[in-house]
Colleague: 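My structure is below; once you've seen it, I'll send some questions.
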Amino acid sequence: MTPNFAQPDTIRSDFSAAMSAMYRTEVPAYGDLLEIVQDTNAATLNGPSAAGLNLTPDEDTTRISEERHGAIRLGTADELAVMARVFAVMGMFPVGYYDLSAAAVPVHSTAFRPTTRAALAANPFRVFTSLLRLELIADETLRAQAAAILAKRQIFTADAVALTEKAEAQGGLSPEDATKFVAEVLETFRWHADACVDIDTFNQLNAAHRLIADVVSFKGPHINHLTPRTLDIDAAQVGMVERGLPAKAVVEGPPRRNCPILLRQTSFKALEEPVNFPSTDGTETVGSHTARFGEIEQRGVALTPNGRDLYDLTLAAVRAEILPAGDGSNADAYMTALSDAFKVFPDDWRGMYDQGLAHFKFSIDHMPEVIRDLETVALLDAGVLSLSPIIYEDFLPVSAAGIFQSNLGDDAGQDSHNASSKVEFEKALGTTVADEFALYQQIEDASLSACLDQIRKAGQSA
């Protein structure tokens, strides 16, 4: 008899919903952000630009209100290895490697997410997961102290670990166990106002880098932001300002386009929260910490390797000429330069497809009476096939670093490091990270193959 296991997609959906509810309670401004995004999406879907979105019926439109991503920062290799096993129970697997040390953020990261088209359509929740790089702390004494602090903590409940082991042993969890699993894992992501270091140690860690203090000083990797998806990030940015949220000065990523590419992100700045720091005499010192915020994302089409190379070169050229100031004083000049530079990308889906810059899925608009040519371009020209964008499900290191730095404070910048270490990250992870480009290509190939099979079968029966 087949066990009655909860589907990983269901567990992931339940977990993302629980995470959202918890974060709305912990960070009330996030509830305001959700309302802004929902209003923006409704206006966009019902407005004159809706036809140009090229959303796939019964897939992308239902995803908009569901979509979230979160971000956490872990301290040790052991924490990362167990987290990978926990996420696997939810059908989330490591995709991509991101080295943020080059942008002066002492972490490297991956995205745990669903990988198949069906799983993404069911619930695309993903968690950008960073591992602190203690070797980038210049002060050897402070580095050793941070390592000793992290070695003492246990970020998972005993039941979370036991249920993860149970899922691995029997191939899944019963609905009852899945409910308990979600509740237990949620505890890892919960905010703790009680620090596990004294205020002097916290200040030393903070001086080395605010992100180091955020990871080392607390009992667990509190979720530091959640992110709903919007169809118009510029309108949502205006909405944040109108609601009185301290919005980031510049939207990270590519410029506004008729046909969005990759990922654009903005946020309201991190809130200052009270923290209780223990003392050796048993008393507590009340201080504060600034780390948690709300973010918005607008996702566009996934680019091919050639498209991504063009994106990276174009963005680097702009930022070599002008960097956005944290206070927004040159925001207009930066966005103008960005928009001008990105005219190298065609601003229509067919143009991007023809130049091999982006990934698409296919659908059949009408069956041809006579099949003369099964070449994709010929079928597109004849109106037999139509294109819709495959949504980008991953992240951009420069954008992630920009969001991190914006929410770590204006004095958080440090010297960059050229110390990428994918091999060490995968060793800590206990597995390799998937190649995001290969995943997008698989979705495109499967979509085209299904259409061509249907056309061939129709021709054979005619």
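Each residue takes its place number in the sequence, starting with 1.
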Colleague: Looking at D332, I want to see if its CG is surrounded by more than 12 non-hydrogen atoms of other residues, nucleotides or ligands under 6.0 Å.
Modeller: no

Colleague: Only one of E297, R113, R229 passes side chain to side chain donor-acceptor pair (under 3.5 Å) with H69; say which it is.
Modeller: E297

Colleague: Can you check whether E272's main-chain N or O pairs, donor with acceptor, with S288's side chain at less than 3.5 Å?
Modeller: no

Colleague: Do the non-hydrogen side-chain atoms of L74 and M83 ever get within less than 4.5 Å of each other?
Modeller: yes

Colleague: So, D194 versus N276: side-chain donor-acceptor pair below 3.5 Å or not?
Modeller: yes

Colleague: For the pair H222 and H289, name the ring-plane relationship: parallel under 30°, tilted 30 to 60°, perpendicular over 60°.
Modeller: perpendicular

Colleague: Using ring centroids (six-membered ring only for Trp), state whether Y98 and F128 fall under 6.0 Å.
Modeller: yes

Colleague: Is any side-chain heavy atom of I322 less than 4.5 Å from a side-chain heavy atom of R319?
Modeller: no

Colleague: Verify, without hydrogens or angle tests, whether Q237 (side chain) and K248 (backbone) share a donor-acceptor contact under 3.5 angstrom.
Modeller: yes

Colleague: Are Y23 and N224 linked by a side-chain donor-acceptor pair shorter than 3.5 Å?
Modeller: no

Colleague: Out of T314, D312, N306, which residue meets the side chain to side chain contact (heavy atoms under 4.5 Å, CB included) rule with L310?
Modeller: T314

Colleague: Please say which of F345, Y392, F342 ends up in a ring pair (Phe, Tyr, Trp, His ring centres under 6.0 Å) with Y311.
Modeller: F342

Colleague: Checking ring-ring contact (aromatic ring centres under 6.0 Å, His included) for the pair F112/F93: CA distance, chi angles, key distance, verdict?
Modeller: CA-CA 5 Å; F112 287 95; F93 306 98; 8.7 Å; no

Colleague: Taking C-beta and beyond as the side chain, do Y440 and V301 meet within less than 4.5 Å on heavy atoms?
Modeller: no

Colleague: Please tell me if the side chains of R133 and L136 come closer than 4.5 Å, counting only heavy atoms from C-beta onward.
Modeller: yes

Colleague: So F156 and V185, do their side chains get closer than 4.5 Å, heavy atoms only?
Modeller: no

Colleague: Quick one: are F362 and S386 in side-chain contact, heavy atoms under 4.5 Å?
Modeller: no

Colleague: To the nearest 0.5 Å, tell me how far D39 CG sits from R243 CZ.
Modeller: 7.5 Å

Colleague: Using distance alone, with no hydrogens and no angle criterion, decide if E295 and S267 have a side-chain donor and acceptor under 3.5 Å apart.
Modeller: no

Colleague: Got a salt bridge between D177 and K180, using NZ or NE/NH1/NH2 to carboxylate O under 4.0 Å?
Modeller: no

Colleague: Any side-chain to backbone donor/acceptor pair from E426 onto V433? Under 3.5 Å, distance only.
Modeller: yes

Colleague: Looking at R350 and D354, is there a salt bridge between them, counting it only when a charged N and a carboxylate O are closer than 4.0 Å?
Modeller: yes

Colleague: How about R24 and S20: does a side-chain donor come under 3.5 Å of a side-chain acceptor?
Modeller: yes

Colleague: Once you round to the nearest 0.5 Å, how far does CG of L120 lie from OG1 of T115?
Modeller: 7.0 Å

Colleague: For D234, is there an ion pair with R264 - N to carboxylate O distance below 4.0 angstrom?
Modeller: yes

Colleague: May I ask you to check whether N41 and T230 show a side-chain donor-acceptor distance below 3.5 Å?
Modeller: yes

Colleague: With the side chain counted from C-beta on, respond yes when H359 and Y353 share a heavy-atom pair under 4.5 Å apart, and no when they do not.
Modeller: no

Colleague: Is the positively charged end of R299 above the ring of F395, judged by distance under 6.0 angstrom from the centroid and angle within 45° of the axis?
Modeller: yes

